[in-house]
Amino acid sequence: MVWSSMSQLSFDWKDPEKRSNRNEEYRHPLFFGFRPSAKAVSESIEIAQSRQAAHSLTGRLRPHELLHLTLNGIGAYRRLPDDVIFGAAQVAATVRARSFELKLDRP
């Protein structure tokens, strides 16, 4: 599917509950994204652990089940509004695409 700027969908809901800056109160992010295959997760973890060891990094790795590639952020909310979830689900239901391989080859 090819999207032009004229056919691209946009979420512009003016929601007072939506985050305007990084704030711990807004713990419910909503976005469209891809989840990697089990193989890709395993490879990502190996790379992250290798870099941690090589550079003496002490931060915690993200939980494996949270690994994803965000395509489009919709917003972060104090609570997830039903109308926003409904709208996002309606848009997602229209997406049709063939499977494809995504190769991220830069560190």
Side-chain angles (χ1 to χ4, degrees):
M1 178 178 292
V2 176
W3 290 89
S4 71
S5 61
M6 298 302 288
S7 65
Q8 185 173 349
L9 296 173
S10 175
F11 291 96
D12 190 27
W13 295 306
K14 304 294 185 211
D15 188 333
E17 292 290 312
K18 187 174 180 181
R19 165 174 80 184
S20 60
N21 57 27
R22 253 191 128 74
N23 184 325
E24 287 300 314
E25 278 186 66
Y26 298 88
R27 295 178 186 252
H28 301 286
L30 188 61
F31 57 89
F32 290 112
F34 287 124
R35 286 189 179 211
S37 67
K39 180 181 178 202
V41 169
S42 178
E43 290 173 359
S44 297
I45 291 166
E46 286 178 24
I47 292 168
Q49 290 172 336
S50 170
R51 301 246 173 161
Q52 259 188 328
H55 300 286
S56 301
L57 302 174
T58 59
R60 293 184 306 165
L61 297 178
R62 301 282 294 163
H64 308 156
E65 63 273 7
L66 295 180
L67 293 180
H68 69 278
L69 177 64
T70 300
L71 297 175
N72 185 57
I74 296 170
Y77 301 85
R78 287 187 180 112
R79 61 168 190 77
L80 289 173
D82 290 338
D83 61 332
V84 175
I85 294 170
F86 178 79
Q90 293 293 96
V91 170
T94 68
V95 174
R96 301 286 182 260
R98 292 185 183 151
S99 291
F100 60 91
E101 184 176 324
L102 175 65
K103 184 174 182 178
L104 304 175
D105 60 357
R106 293 184 183 208

**Asked** Would V91 end up clustered with L30 when hydrophobic side chains under 4.5 Å apart are linked, directly or stepwise?
**Response** yes
**Prompt:** Would L71 and L102 show up in the same hydrophobic cluster when neighbours are defined by side-chain heavy atoms closer than 4.5 Å?
**Reply:** yes
**Complete:** Those residues at least two apart in sequence (or on a different chain) that pass side-chain hydrogen bond (donor to acceptor under 3.5 Å, both in side chains) with T70 are H68
**Asked** By side-chain hydrogen bond (donor to acceptor under 3.5 Å, both in side chains), which residues pair with H64, not counting sequence neighbours?
**Response** none
**Prompt:** L57 and R51: which non-hydrogen atoms are nearest, and at how many Å?
**Reply:** CD1-O, 3.9 Å
**Message:** Quick check for you: to the nearest 0.5 Å, what is the distance between F32 atom CZ and I74 atom CD1?
**Reply:** 4.0 Å
**Message:** My understanding is that a hydrophobic cluster links ILVMFWY residues whose side chain heavy atoms are under 4.5 Å apart, including indirect links. Using that, what else belongs to the cluster containing I47?
**Reply:** none
**Request:** List, by chain and number, the other hydrophobic cluster members for L61, where Ile, Leu, Val, Met, Phe, Trp and Tyr join if side-chain heavy atoms come within less than 4.5 Å, directly or indirectly.
**Result:** none
**Complete:** When rounded to the nearest 0.5 Å, the distance separating NE2 of H28 from CZ of R78 is 11.0 Å
**Test item: Q52 side-chain N/O and T58 main-chain N/O as donor-acceptor pair under 3.5 Å** = no
Distance-only donor-acceptor pairs under 3.5 Å for side chains of residues 33-41, two or more places apart:
unit_1 : atom_1 : unit_2 : atom_2 : d
S37    : OG     : A40    : N      : 3.1

**Request:** Can you see which heavy atom on P81 is nearest to which on R79, and at what distance?
**Result:** CD-O, 3.0 Å
**Listed once per pair and sorted, the ring-ring contact (aromatic ring centres under 6.0 Å, His included) pairs that draw on residues 36-61, sequence neighbours left out** = none
